[in-house]
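Below is one structure, written out as structure tokens; comments come after it.
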Amino acid sequence: MADRKLRLSVLDQSPIRRGSNAVEALQESVKLAQLADRLGFTRYWLSEHHNTRSLAGASPEILIARLAAATKHIRLGSGGVMLPNHSTLKVAENFRLLEALYPGRIDLGIGRAPGGDRLTAHVLNPSNTFEPRDFVQQINDLEGYLSDSREAGTIHEKVIAIPKIDTAPELWMLTSSGESGLLAARQGWALSFAHFIYHVGGPQAIKTYRERFKPSRFLNEPAASVGIFVFCADTQEKADELQAMMDYRLLSFEKGRFDEFPSYEEVRDYEYTDMEWQRVMANRGRMIAGTPDQVKQRMLKLADEYDVDEIVAATMAEHVEDRFRSYELLAEIFDLEPRNVS
């Protein structure tokens, strides 16, 4: 385990902190992407969420373009685009355009969840039936558009995705249950397991994906990563503070309260019921929090359990300095190679 060399990446949900706003949250994303680029992180993924006042990332493809222009080397991608919310052709053309602008730096991560509630998903795409077979058809159509298929009897015989380019974005399937992992194996895509959403069954899902993987025009051999909430701090006191904030936030999400902005003082003084505390302890399986030595050992253990060499770290904190410092510490403890971005 100690010899495993890890690549680190970032998942940014563009959180809007207490007393701030969406404009400031998006500017924070720009600065964090630039920091991650300098520190040597592998990729920087952006999520898609809707109908919430606590997250600003409604359109990852637009934010990808902004961040790619502000960085030099780091890969930029969606973590992910919720495909049923959209026209498949439009997604293909958005990411082809991004790949044309920033060749070799674009990831297209696809998910099936609504990124919010079902009513909002229906408004985004009134033809969305939420049926698994329709998602599979969208995946097949997306591949056809990105590979310039002109197969007779399909839509690709008459409709192409522009601009026509010689490269394609790197394709990733996102999953928190393993079901989409089977689809990723069949299609020959890379797979990222969202441990920060559901922390049970992930290692087996990755193992099954590797066993059933079929090479494709997009990927010759299986590639996998795991995403988790990470909070690394210089002191135990600060690490406990960051964890306490996330304890409360995740419990609030489970209660349907997505737009609460409590201070640490409010969280610290909150008295959990026995049932609430059980949920808090269960949710701690979705995160790693601690000082550098603690975090390193737990992340290495997680990578060993999943048999992956890349961890995607999502970090939210009450103060921007704590969020940025966490990523700086991760880069230090895993000896990432800093990049010249001037």
Side-chain angles (χ1 to χ4, degrees), residues 9-16 22-37 41-71 74-117 120-121 123-125 128 135 138-139 142 145-146 161 168-176 180 189-194 196-197 225 227 229 258 312-316 323:
S9 295
V10 178
L11 172 63
D12 181 8
Q13 298 171 313
S14 299
I16 301 172
V23 173
E24 292 180 351
L26 295 173
Q27 290 305 312
E28 183 177 317
S29 289
V30 175
K31 294 176 182 177
L32 182 56
Q34 292 172 326
L35 175 65
D37 195 20
F41 283 78
T42 299
R43 64 188 90 241
Y44 193 103
W45 279 359
L46 299 148
S47 64
E48 175 188 339
H49 289 93
H50 304 282
N51 199 25
T52 175
R53 295 186 294 110
S54 62
L55 302 173
S59 299
E61 61 273 21
I62 294 178
L63 197 46
I64 287 169
R66 174 67 181 93
L67 300 189
T71 55
I74 195 168
R75 297 188 66 90
L76 276 299
S78 57
V81 164
M82 301 297 107
L83 191 57
N85 289 343
H86 307 285
S87 154
T88 309
L89 174 61
K90 187 59 176 173
V91 171
E93 292 193 327
N94 283 341
F95 279 82
R96 269 205 155 179
L97 184 55
L98 288 168
E99 176 69 17
L101 290 168
Y102 307 102
R105 292 184 60 201
I106 301 299
D107 297 335
L108 173 50
I110 292 295
R112 193 174 70 183
D117 57 87
T120 305
V123 173
L124 283 164
N125 181 8
N128 183 2
F135 179 64
Q138 281 193 285
I139 291 296
L142 182 65
Y145 289 130
L146 293 177
E170 197 170 284
L171 295 177
W172 286 78
M173 191 74 70
L174 312 181
T175 187
S176 60
S180 291
W189 289 25
L191 179 67
S192 186
F193 191 92
F196 64 95
I197 294 177
S225 68
F229 290 121
F258 298 99
V312 185
T315 301
M316 290 185 280
R323 188 182 187 210

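Count residues from 1 along the sequence.
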Checklist entry - What is the distance from atom CG of L46 to atom CD of Q13, rounded to the nearest 0.5 Å? => result 10.5 Å
Checklist entry - Can you name the nearest heavy-atom pair linking F135 to G111, along with the distance? => result CE1-O, 3.7 Å
Item to check | CA sep, side-chain torsions, deciding dist, call: T71, R105, side-chain hydrogen bond (donor to acceptor under 3.5 Å, both in side chains) | outcome: CA-CA 10 Å; T71 55; R105 292 184 60 201; 2.6 Å; yes
Checklist outcome for this item: Correct closest heavy-atom pair for V81 and E61 would be CG2-OE1, 4.4 Å
Checklist entry - Do you know the tightest heavy-atom contact between A92 and L146? => result O-CD2, 4.0 Å
Next on the checklist: Just verifying a value: how many Å separate I64 CD1 and L98 CG, rounded to the nearest 0.5 Å?
Outcome noted: 6.0 Å
Next on the checklist: Quick check: do N125 and P84 have side-chain heavy atoms less than 4.5 Å from each other?
Outcome noted: no
Checklist entry - Any side-chain heavy atom of R323 sitting closer than 4.5 Å to one from L35? => result no
Checklist outcome for this item: d(D107 CG, R43 CZ) to nearest 0.5 Å is 4.5 Å
Checklist entry - If you measure from CD on E48 to CG on L83, what distance do you get to the nearest 0.5 Å? => result 9.5 Å
Next on the checklist: Side chains of T88 and V91, heavy atoms from C-beta outward: is any pair under 4.5 Å?
Outcome noted: no
Checklist entry - Taking the side chain as C-beta and beyond, is there a heavy-atom pair between N85 and N128 under 4.5 Å? => result yes
Next on the checklist: What I'd like to find out is whether the side chain of L108 reaches to under 4.5 Å of the side chain of I106, using heavy atoms alone.
Outcome noted: no
Checklist outcome for this item: Taken to the nearest 0.5 Å, the spacing of Y145 OH from K90 NZ works out to 13.0 Å
Item to check | Heavy-atom pair with the smallest gap, counting every atom of A70 and V30 | outcome: CB-CG1, 4.0 Å
Checklist entry - Picking from L32, V312, D37, what satisfies side-chain contact (heavy atoms from CB on, under 4.5 Å) with Y44? => result L32
Item to check | Heavy-atom side-chain contact between L124 and M82 under 4.5 Å | outcome: no
Item to check | Between R66 and S29: side-chain donor-acceptor atoms closer than 3.5 Å | outcome: no
Next on the checklist: If I compare all heavy atoms of L55 with all of P15, which pair ends up nearest, and what's the gap?
Outcome noted: CD2-CA, 3.8 Å
Item to check | For G80 against P60, the heavy-atom pair lying closest together | outcome: O-CG, 4.3 Å
Checklist entry - Taking it one step at a time, do V123 and H50 satisfy side-chain contact (heavy atoms from CB on, under 4.5 Å)? => result CA-CA 11 Å; V123 173; H50 304 282; over 6 Å; no
Checklist entry - What's the spacing between E24 CD and E28 CD if we round to 0.5 Å? => result 9.0 Å
Next on the checklist: Could you check whether any side-chain heavy atom of L174 comes within less than 4.5 Å of a side-chain heavy atom of W45, counting everything from C-beta outward?
Outcome noted: yes
